[in-house]
Amino acid sequence: MWMYGMISQSLIPMILKKKVTAWQMWQSLEALFRDNKDSRAIQLDNELHNFSIGTTKNVTTYCTRIKTITDLLNNIDGTVPEKNLVTYTINGLSSRFDHVAFLIQHTSPLPTFLETRSKLLVEEQRMNLL
């Protein structure tokens with residue numbers, strides 16, 4: 001009964017059967033979530049590659065969405081290396097961030113995602129003052 005109360009109402013008909021144990025129900029739920037793992041990873045990876053700051057209002061929202069997509073990928077074994085995360089972040093910037101993107105690209109070693117986010121926030125604040 002606890003499982004039925006904890007899962008989404010749309011999943012209950014998928015796993016509801018007569019005389020099923022909690023373990024069998026758990027296995028059914030696991031199969032549902034693992035069944036589309038690869039296609040979900042492809043979808044999230046595509047979203048990460050194509051995401052741009054133009055679709056958000058500010059750097060905070062932009063970077064939060066990139067981190068969220070990355071975390072979702074990590075949860076389904078689709079690891080995104082830190083270097084790639086920084087690259088995706090830079091590639092999705094608008095032309096108004098060209099200067100700071102150039103500086104980040106040519107920093108050796110490449111900054112972390114959090115350092116990149118920090119640099120972008122400072123640049124965004126500077127531009128808002130102009």
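Below, each value reflects all heavy atoms present in this structure, side chains not excepted, and no hydrogens, waters or symmetry copies.
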Testing the basics here: between M127 and R96, what is the closest heavy-atom pair and its distance to 0.1 Å?
SD-O, 3.5 Å

To the nearest 0.5 Å, how far apart are CG in L129 and CZ in R126?
9.0 Å

Using the test salt bridge (Lys or Arg N to Asp or Glu O under 4.0 Å), find all partners of D71 that sit at least two apart in sequence or belong to another chain.
K67

For L110, run the side-chain contact (heavy atoms from CB on, under 4.5 Å) check against Q105, E115, K83 and tell me which one passes.
K83

Please report the closest heavy-atom contact between A101 and L93, naming both atoms and the distance.
CB-CD1, 4.0 Å

Can you give me the closest heavy-atom contact between I53 and S94, atom names plus distance?
CG2-N, 3.3 Å

Any side-chain heavy-atom pair of V86 and T112 under 4.5 Å
no

Please report the shortest heavy-atom distance between P81 and T79, naming the atom on each side.
CD-O, 3.7 Å

How long is the straight-line distance from CG of L72 back to CG of D45, given to the nearest 0.5 Å?
12.5 Å

V59 side chain reached by E123 side chain, heavy atoms, under 4.5 Å:
no

Could you tell me whether a side-chain N or O of Y62 sits under 3.5 Å from a main-chain N or O of R117, the two making a donor and an acceptor?
no

Hey, what do you get for CD1 (I42) to NZ (K37), rounding to the nearest 0.5 Å?
12.5 Å

Could you state the interatomic distance from CG (N58) to SG (C63), rounded to the nearest 0.5 Å?
9.0 Å

Testing the basics here: between L85 and V80, what is the closest heavy-atom pair and its distance to 0.1 Å?
N-CG1, 4.0 Å

Sort out for me which residue in L120, I90, T116 forms a side-chain contact (heavy atoms from CB on, under 4.5 Å) with V100.
L120

Can you find a pair of side-chain heavy atoms, one from N46 and one from Q43, that are under 4.5 Å apart?
no

Contacts of T64 meeting side-chain contact (heavy atoms from CB on, under 4.5 Å) (sequence neighbours excluded), chain-then-number -> T60, T68

Pairwise side-chain contact, I69 with Y88, heavy-atom cut-off 4.5 Å (strictly under):
no

Within this structure, what is the OG1-CZ distance for the pair T89 and F51, rounded to the nearest 0.5 Å?
10.0 Å

Reference residue L44; test side-chain contact (heavy atoms from CB on, under 4.5 Å); the match among N74, L73, N75, T70
L73

